[in-house]
Number of protein chains: 2
Amino acid sequence: MFFGEYPYKVDEKGRVPLPPKFRRQMREGVILAKGMGEKCIAVYPVAEWKRLSDSLAAKAVTPANLRKLNRAIFGSAFSASFDGQGRITLPFPLREYAGIGDTAIVVGANNCVELWCEGEWKAEKTSAEEQASQIIETFGA
Amino acid sequence: MFFGEYPYKVDEKGRVPLPPKFRRQMREGVILAKGMGEKCIAVYPVAEWKRLSDSLAAKAVTPANLRKLNRAIFGSAFSASFDGQGRITLPFPLREYAGIGDTAIVVGANNCVELWCEGEWKAEKTSAEEQASQIIETFGA
DNA sequence: AGAATTGTGGGGAAAAGTGGGGAAAGGGGG
DNA sequence: CCCCCTTTCCCCACTTTTCCCCACAATTCT
């Protein structure tokens, strides 16, 4: 379970710390991938990543479909691990994709962690909150 | 079950005590989240939080929906626990959101506890009482 | 009235955030 | 094929923040 929202510096070498509480759930290493649909970087613990990619692969109906899926999923994924200071280095393609400069917002999103640039996150946050309150008002909590 | 309304000091380090009666129902730790819709901090016992977040997640219809929902729910939530004096430390984003300065009104709200700044609470209180009496008169008690 | 619990404040030790340096590895050019 | 340059990785150092413990005053309970 990943909670909360934390701003962190990205240094010149592209390194970002993750909150200690997150690290403890990621001792086995992590997979970095493009956020699906959203302009952010998704960080999965390896176990969770395997679960996800397997369940996706199982839903591909044709071999051609599966190949495409595999390319899209694995092609943009990188494995990473923590240095002695609890930081991971962001691969440049992902960093560029998410538009992350010298600050990253680290967001806990239940089963994964997301990295956002400040601007995109502010927008996404308000839209997510709107949608959540709609669901709550409609169905109740 | 949480009852009552108590004013407490918030010290320079952002720590707030909760009433002993509340603590005893929160030994396993708590989750702090934005009050849904209202400008306050909601404090849930972990078990109650899990119940709530699960039931909300179940209402998301599409994967994209679910991701957004997770961001709204988990992104603004923080776990916390009590220090030796029965206090919890308020994460700065939440404190700012609720506009809590050096005093917090701790309010028992049945399944959770809410933290308000004095001003907002006074307003919410009168409006809540008015609405409640209307509801009672309309539907009976 | 005495004892225990609670509200409030602060200090010190440990951990976390940030930045930089040097060695090893990889690639390109001579 | 060798050398040099670039890049990457790992380690070290410093500053700030956080966490945990102690202490006192006030209140409550017995």
Side-chain angles (χ1 to χ4, degrees), chain A residues 2-32 41 43 46 77-96 100-108 113-118 121, chain B residues 2-32 41 43 46 77-96 100-108 113-118 121:
Chain A
F2 301 104
F3 300 119
E5 164 193 340
Y6 312 84
Y8 278 102
K9 289 274 177 191
V10 182
D11 65 25
E12 295 157 0
K13 297 175 181 176
R15 297 176 295 185
V16 194
L18 294 192
K21 287 191 180 176
F22 289 3
R23 286 176 221 163
R24 284 190 270 274
Q25 303 175 58
M26 294 171 157
R27 289 224 186 78
E28 319 296 325
V30 295
I31 305 290
L32 307 181
I41 302 176
V43 184
V46 278
F78 296 82
S79 78
S81 52
F82 293 93
D83 67 12
Q85 275 65 355
R87 296 174 289 196
I88 52 180
T89 302
L90 302 182
F92 194 74
L94 289 181
R95 201 174 148 195
E96 194 179 27
I100 294 178
D102 64 354
T103 301
I105 313 294
V106 177
V107 181
V113 176
E114 293 178 344
L115 305 179
W116 294 78
C117 80
E118 301 152 294
W121 171 241
Chain B
F2 302 104
F3 297 114
E5 165 192 339
Y6 314 84
Y8 278 102
K9 287 275 177 191
V10 182
D11 67 24
E12 295 159 359
K13 297 176 181 176
R15 297 176 296 187
V16 193
L18 294 192
K21 288 192 179 178
F22 288 2
R23 285 177 221 164
R24 284 189 267 276
Q25 303 175 58
M26 294 170 158
R27 289 226 184 77
E28 318 296 324
V30 295
I31 305 291
L32 307 180
I41 302 176
V43 184
V46 278
F78 295 82
S79 74
S81 52
F82 293 93
D83 68 11
Q85 275 64 9
R87 295 172 290 196
I88 53 179
T89 302
L90 304 182
F92 193 74
L94 289 180
R95 201 174 149 195
E96 194 181 27
I100 294 179
D102 63 355
T103 301
I105 314 294
V106 177
V107 182
V113 176
E114 292 177 346
L115 305 180
W116 294 78
C117 81
E118 301 150 293
W121 171 241

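Chain letters run A, B, ... following the sequence lines, proteins first and then strands; every chain starts at 1.
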Nearest-Å distance for atom pair [atom1]/[atom2], residues [X] and [N]:
X: A:Arg87; N: D:dC10; atom1: CZ; atom2: P; result: 12 Å
X: B:Tyr6; N: D:dA26; atom1: OH; atom2: P; result: 23 Å
X: B:Glu12; N: D:dC19; atom1: CD; atom2: P; result: 17 Å
X: B:Leu18; N: C:dT5; atom1: CG; atom2: P; result: 19 Å
X: A:Arg15; N: D:dT8; atom1: CZ; atom2: P; result: 12 Å
X: A:Asp102; N: C:dG17; atom1: CG; atom2: P; result: 17 Å
X: A:Arg24; N: C:dA15; atom1: CZ; atom2: P; result: 10 Å
X: B:Phe82; N: D:dC21; atom1: CZ; atom2: P; result: 16 Å

>> Which is more 5' along DNA chain D, the nucleotide nearest A:Lys13 or the one nearest B:Asp83? Just name the residue.
In response: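 Of the two residues, A:Lys13 wins.
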
>> Which label fits B:Trp121 and B:Trp116: parallel for a plane angle under 30°, tilted from 30 to 60°, or perpendicular past 60°?
In response: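 Answer is tilted, since the angle falls between 30° and 60°.
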
> Roughly how far, to the nearest 0.5 Å, is CD1 of B:Ile41 from CG of B:Leu90?
Replying inline: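 It comes to 4.5 Å.
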
>> Tell me whether the side-chain N or O atoms of B:Gln85 pair up with the base of D:dC20 as donor and acceptor below 3.5 Å, since no angle test is needed here.
In response: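 No pair found.
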
> What about the rings of B:Phe78 and B:Phe92, do their centers lie closer together than 6.0 Å?
Replying inline: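 Ring centroids of B:Phe78 and B:Phe92 are no less than 6.0 Å from each other.
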
>> Side chain of A:Tyr8 only, heavy atoms from C-beta on: which candidate in D:dC19, C:dT18, D:dC11 is closest?
In response: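 Between D:dC19, C:dT18, D:dC11, the one nearest the side chain of A:Tyr8 would be C:dT18.
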
> Counting side-chain heavy atoms from C-beta on, which of C:dG17, C:dG7, C:dG9 comes nearest to B:Pro20?
Replying inline: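 The listed nucleotide nearest to B:Pro20's side chain is C:dG7.
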
>> Counting C-beta onward and ignoring hydrogens, is there a side-chain heavy-atom pair between B:Thr103 and B:Val10 closer than 4.5 Å?
In response: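 With C-beta onward as the side chain, the pair stays apart.
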
